[in-house]
Amino acid sequence: MATFSQSTIETCSDSFIDFCCSPCLEHKIDQSAELYCDTCQKFYCAECVTLHGQLFGKHVTYGRGDTSKWPASKEVQDFLLKCDLHEDKHLEMYCNNHSQLCCTNCAFLNHRLCTKVTLISESARGPLPDLQQLSRKIQTILEEVKKLENHWNTNMLTVQASYDKLLDEIRDTRQTINIILDKIEKNTIQELDDKMTSLKASIKTDLDNCIKLKNELKQLSGAINDIIDKGKAELTFIASKKCLEQVKQSETYLKENSVQVESSLTFQADSDVPQYLSKLSGLGKIVLSTKEIFVLGDPDQVFTVQGKSEYNVHLPSDSRICTIIAICVLSDDEILVADQDNKRVKLLNHQYQVVGHCDLTGYPMDMCKITPSEVAVAVKNFEVQFVSVNGGQLVKGRKLQFQHRCYGIAHNLQDLYLTSWKSLYKYSMNGTLLNKVYEDTSDKCTELKCAVSPSGDKIFVIHHSYEVLTLATDGTVLHTFTDPDLQKPYSIHVTDLGQVLVICGRSSKTIIQLDGEGKKKLATLASEWDGLAYPVSVYFYRSTASIIVGQTARNNILVFKVK
């Protein structure tokens, strides 16, 4: 058997594996291999392969283009052969009674009474399992695990944002009373800190478990891909059994976590504080609020429209007819709409009545949720304006300035995605450019808008003229969608469960639902026959199971009840 090695550079989510040159390794030089000789059963780097060719011109060799014919690496074999219970032992037997791989220790301790314990070499005889199918199954589970990971990461940020917000509320309340509050403020903040520490620890445990499962699945997936088509019966058998067990455990884990509890903190101020100050031990109560949300759902579940309502969002002080260019619903069900022609963000109550507004310095182009109580508004004059809801009022916060016009905006964890005419950029939350993700190099007139999938691994981009693109986070185009109902798309929205909604406002005047990959149309939810005139924005309001639609030069927003 050939002796070979591999160099591995581990990261938090991926690993790069490369085989080392066998002769160089004998001289303690770590050099990447470019060729494998099946006759020698050794690997050779670019320098050593020249000498090998001169000495052994008739040997059967395989280059980088034929890595499928390279043997499985020693590290992969060791990983697959290692017993999960006894790490210093190799798997040698298989118990048919319990469908378990066994080392000698396992067989002696746990399977002495079993009647169908055989050597793996005997169990592996016959047709080999379909590792390709198992690999696809693991990839599907990995997608679900990524959604859970993203949920817990987002929940951690949400809890931190609610903590920051409540801390401000506590301090605002503190300013209305006298020096006696020094002790009371300390007690209240301590209560908040204690509950925050406990809550974060609980979330971190779930997140760590999710990341651990993800890494185990990726390692197993990588091992499977490495031995596919190798013809190694024992390794294939072992890999299949490990896969089946890991899939079983993973599916159980995902089923147990299909419904998650989203936690948040609220502060309930005591209105009697000034009057009863000397009798109180705190400014109010820190209440842990929870609500169940489905983080693992079917992104291809098709909405069915049940009815439609219209609501007027025009204010007497508006100088022009409304153009609702963007819509957001915050965690406490506050509804925000960006009125482009009046350069305003408006706050709506649950009856869709305007109860507040703030003016912007330029025309809003798009808007996205940042925290449970804050949105970021892309303003056409090279800036992003942050707006928050505080005590039922809209409050303008910080601004970020950019070197390009801002048309589309989306947010995922600590990343801010912005589009200009033809480019998609990724920025940090302080406005630092991280990279240009995508650029349209065609000569077509276009204006990009974007949205991010719940798992954060896909970015959907619309060209206002003709198509929807699904991008990987590195900008690779995964899918391109076109359709007769997709004429001049203007806005795209991805729900918390991954359903993709596209508004086509300039031509076909439709609301289209795509599958979660952005590959195909699932349904045309509404059209001009349903009252769509010039729709330019869309948002799914989960609490009321409604799709809210904003239009150009229309004072009314449309609310479609769906199921």
Side-chain angles (χ1 to χ4, degrees), residues 319-320 322-328 336-346 358-370 374-387 396-412 415-452 459-469 471 473 475 477 488-494 502-507 534-539 550-553:
S319 60
R320 303 179 64 181
C322 301
T323 290
I324 304 304
I325 198 70
I327 305 166
C328 273
L336 277 67
V337 297
D339 185 346
Q340 184 179 68
D341 288 347
N342 290 293
K343 299 181 184 179
R344 285 177 166 175
V345 174
K346 298 176 179 178
C358 67
D359 294 329
L360 305 172
T361 57
Y363 293 103
M365 301 300 296
D366 202 1
M367 179 170 60
C368 69
K369 177 181 173 182
I370 300 296
E374 184 181 42
V375 297
V377 184
V379 183
K380 193 173 183 179
N381 57 349
F382 303 91
E383 71 182 30
V384 169
Q385 172 72 65
F386 290 85
V387 178
K396 289 192 292 186
R398 62 194 178 103
K399 288 183 181 180
L400 296 177
Q401 299 291 332
F402 299 92
Q403 298 300 312
H404 58 81
R405 293 189 182 276
C406 303
Y407 288 98
I409 189 168
H411 173 254
N412 178 59
D415 295 328
L416 193 66
Y417 293 93
L418 281 175
T419 66
S420 62
W421 279 109
K422 289 178 172 286
S423 300
L424 170 65
Y425 303 92
K426 182 166 74 171
Y427 290 91
S428 68
M429 289 305 295
N430 62 9
T432 301
L433 178 62
L434 301 178
N435 63 287
K436 180 188 286 188
V437 179
Y438 172 79
E439 184 173 21
D440 176 21
T441 57
S442 72
D443 57 358
K444 297 181 179 179
C445 179
T446 186
E447 183 179 301
L448 304 183
K449 292 286 184 71
C450 64
V452 183
I459 308 166
F460 300 96
V461 175
I462 58 170
H463 289 254
H464 282 194
S465 55
Y466 55 99
E467 63 189 11
V468 177
L469 303 178
L471 309 179
T473 53
V477 178
K488 297 186 178 179
Y490 198 88
S491 179
I492 187 165
H493 168 62
V494 181
V502 182
I503 278 285
C504 305
R506 295 180 177 177
S507 184
Y534 295 98
V536 289
S537 59
V538 62
Y539 197 95
Q551 304 195 90
T552 297

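Note that the coordinates shown come from a computational prediction; the quantities given were computed from them, not determined experimentally.
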Inset, instruction - Can you see which heavy atom on V536 is nearest to which on S491, and at what distance? - result: O-CB, 3.1 Å
Inset, instruction - Answer yes or no: is there a donor N or O on one side and an acceptor on the other, between the side chain of D366 and the main chain of I325, under 3.5 Å? - result: no
Legend entry - Note, S420 side chain near L418 side chain (heavy atom, < 4.5 Å): no
Legend entry - Step-by-step side chain to side chain contact (heavy atoms under 4.5 Å, CB included) determination, V452 to V494: CA-CA 7 Å; V452 183; V494 181; over 6 Å; no
Legend entry - Residues in salt bridge (Lys or Arg N to Asp or Glu O under 4.0 Å) contact with K436, at least two apart in sequence or another chain: E439
Inset, instruction - Apply salt bridge (Lys or Arg N to Asp or Glu O under 4.0 Å) to K346 and list each qualifying residue two or more places apart in sequence or on a separate chain. - result: D318, D339
Legend entry - Contacts of type salt bridge (Lys or Arg N to Asp or Glu O under 4.0 Å), residue D341, not counting sequence neighbours: none
Legend entry - Closest contact, heavy atoms only, A376 versus F386: CB-CE2, 3.8 Å
Inset, instruction - Could you check if a side-chain atom of K399 sits within less than 4.5 angstrom of a side-chain atom of V379, using non-hydrogen atoms only? - result: no
Legend entry - Contacts of K426 that satisfy side chain to side chain contact (heavy atoms under 4.5 Å, CB included) - sequence neighbours left out: D415, Y417, L434, N435, V437
Legend entry - OH/Y363: more than 12 non-hydrogen atoms of other groups inside 6.0 Å: no
Legend entry - Donor-acceptor contact present, side-chain K369 to main-chain H411, <3.5 Å: no
Inset, instruction - Would you name the heavy atoms of L448 and T419 that are closest together and state the gap between them? - result: O-OG1, 2.7 Å
Legend entry - Heavy-atom check, side chain of I503 versus side chain of S537, under 4.5 Å: no
Inset, instruction - Would you name the heavy atoms of S319 and N342 that are closest together and state the gap between them? - result: N-OD1, 3.0 Å
Inset, instruction - Kindly compute the distance separating OH (Y490) from CD1 (I462), expressed to the nearest 0.5 Å. - result: 9.0 Å
Legend entry - Minimal non-hydrogen separation, K396 against D359, with atom names: NZ-O, 2.9 Å
Legend entry - Smallest separation among heavy atoms of C450 and L424, with atom names: SG-CD1, 4.0 Å
Inset, instruction - Please examine the side chains of I459 and N412, heavy atoms only from C-beta on, and report whether any two atoms are closer than 4.5 Å. - result: no
Inset, instruction - Identify, with sequence neighbours excluded, every residue that meets side chain to side chain donor-acceptor pair (under 3.5 Å) alongside T432. - result: N430
Legend entry - Distance, nearest 0.5 Å, that separates CZ of R320 from CZ of R344: 13.0 Å
Under 3.5 Å, sequence neighbours excluded: what are the donor-acceptor pairs made by side chains of residues 401-410?
from	atom 1	to	atom 2	distance (Å)
Q401	NE2	E383	OE1	3.1
H404	NE2	Y427	OH	2.7
R405	NH1	K380	O	3.4

Inset, instruction - With sequence neighbours excluded, tell me which residues meet ring-ring contact (aromatic ring centres under 6.0 Å, His included) with Y438. - result: none
Legend entry - Main-chain N/O of A378 paired to Q385 side chain as donor or acceptor, under 3.5 Å: no
